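Note that ligands are numbered from 1 as they come in the structure, with each ligand's atoms numbered from 1 the same way. Every value quoted in this text rests on a predicted model; they were computed, and no experiment measured them.
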Amino acid sequence: PAIATRPGPLAGRRIVITSGPTHEPIDPVRYIANRSSGKQGHAIAAAAAAAGATVVLVAGPVTVADPPGVTVVHVETAREMLAAVEAALPADVAVMAAAVADWRVASEADEKIKKGPAGAPALHLVENPDILATVGRHPTLRPRLVVGFAAETENLIANATAKLERKGADLIVANDVSPETGIMGGDRNTVRIVAREGIEDWPDLPKAAVADRIVALIADRLGRA
Ligand code: CTP
Ligand code: CA
């Protein structure tokens, strides 16, 4: 056959995954960014491909390598990420693991902003589109299973539950990213799975193991429906 289906618990399933930060340009040499490494989202893409899924990974600027067996679309900004995700639909599953920049500057300067007697420039910020909410509330192309993340420094469960409802997600992978956890950029993750059915606490695990468990959870949910 032209399209070979690889075996595994996600054989024949199509998954779109976002990963990494976005960069929002201020001028030709400066941007707004965040500390996301992309390690967790990329690990989920690798695990889903290993489980037999057809994976489209929409990756912001990261230094981690493209996972094997995955179609990777490299983007810079939140708006580019949204367009790439929409282009990847329809899909059975969406996993939105990217740390999308919440704001961008209203208008990017064409030339490098220079210092001068007027003092520091004021940056006027506008909100970026919410990719998870766009997918989770899509009128025609909503994937059967929509998974989001919630990076919080306080009130983890309350904030994650609010995001589940607001964005139309089925599951939220919640993690505490307060500086003392050292999670951001590291190789391990401690997450709690927030669903309408209840909350699961997972132990501290390598990001690859968290990815395997998320893929098993996805396969289980797709199988049950
Ligand atoms: N997300 C997204 N698009 C955005 C912002 C967030 O797709 N513009 C997704 C993230 O990929 C993640 C989830 O929404 O799956 C939650 O992201 P988070 O930053 O925790 O939530 P926000 O809604 O941006 O709220 P806040 O940052 O104020 O906590
Ligand atoms: Ca945010």
| query | Heavy-atom count around E111 CD within 6.0 Å, excluding the residue itself: above 12? | reply | no
| Non-hydrogen atoms of M81 versus ligand 1: any pair closer than 4.0 Å? | no
| said: Tell me whether A78 reaches ligand 1 (any heavy atom closer than 4.0 angstrom to a ligand atom). | reply: no
| Relative to ligand 1, is P129 under 4.0 angstrom through side chain, backbone, both or neither, heavy atoms considered? | backbone
| field | Shortest protein contact, atom 16 (C) of ligand 1 (heavy atom only) | value | F149 O, 2.8 Å
| message | I want to know if ligand 1 touches M96 in the polar sense, i.e. an N/O pair below 3.5 angstrom. | response | yes
| task | Using distance alone, with no hydrogens and no angle criterion, decide if N175 and N189 have a side-chain donor and acceptor under 3.5 Å apart. | result | yes
| request: Examine the proximity of ligand 1 to D102 and report which part, side chain or backbone, both or neither, has a heavy atom under 4.0 Å away. | output: side chain
| Does ligand 1 have an atom that lies less than 4.0 angstrom from a heavy atom of E127? | no
| query | Could an N or O of ligand 1 be found under 3.5 Å from any N or O of A98, whether backbone or side chain? | reply | yes
| task | Before signing off on this row, confirm whether A101 and ligand 1 have an N or O atom pair separated by under 3.5 Å. | result | no
| query | What do you reckon, does A97 have a nitrogen or oxygen under 3.5 Å from a nitrogen or oxygen of ligand 1? | reply | no
| field | Chi angles and distances behind the side-chain hydrogen bond (donor to acceptor under 3.5 Å, both in side chains) call for H74, D66 | value | CA-CA 10 Å; H74 292 275; D66 291 354; 3.1 Å; yes
| request: Identify the heavy atoms of A48 and V215 that sit nearest to each other, and give their distance. | output: N-CG2, 3.6 Å
| said: With rounding to the nearest 0.5 angstrom, report the CZ to CG distance, R30 to L123. | reply: 9.5 Å
| Do ligand 1 and K163 have nitrogen or oxygen atoms that lie under 3.5 Å from each other? | yes
| field | Heteroatom distance test (K167, ligand 1): nitrogen or oxygen, under 3.5 angstrom | value | yes
| message | Test your reading of the structure: does A150 have an N or O sitting under 3.5 Å from an N or O of ligand 1? | response | no
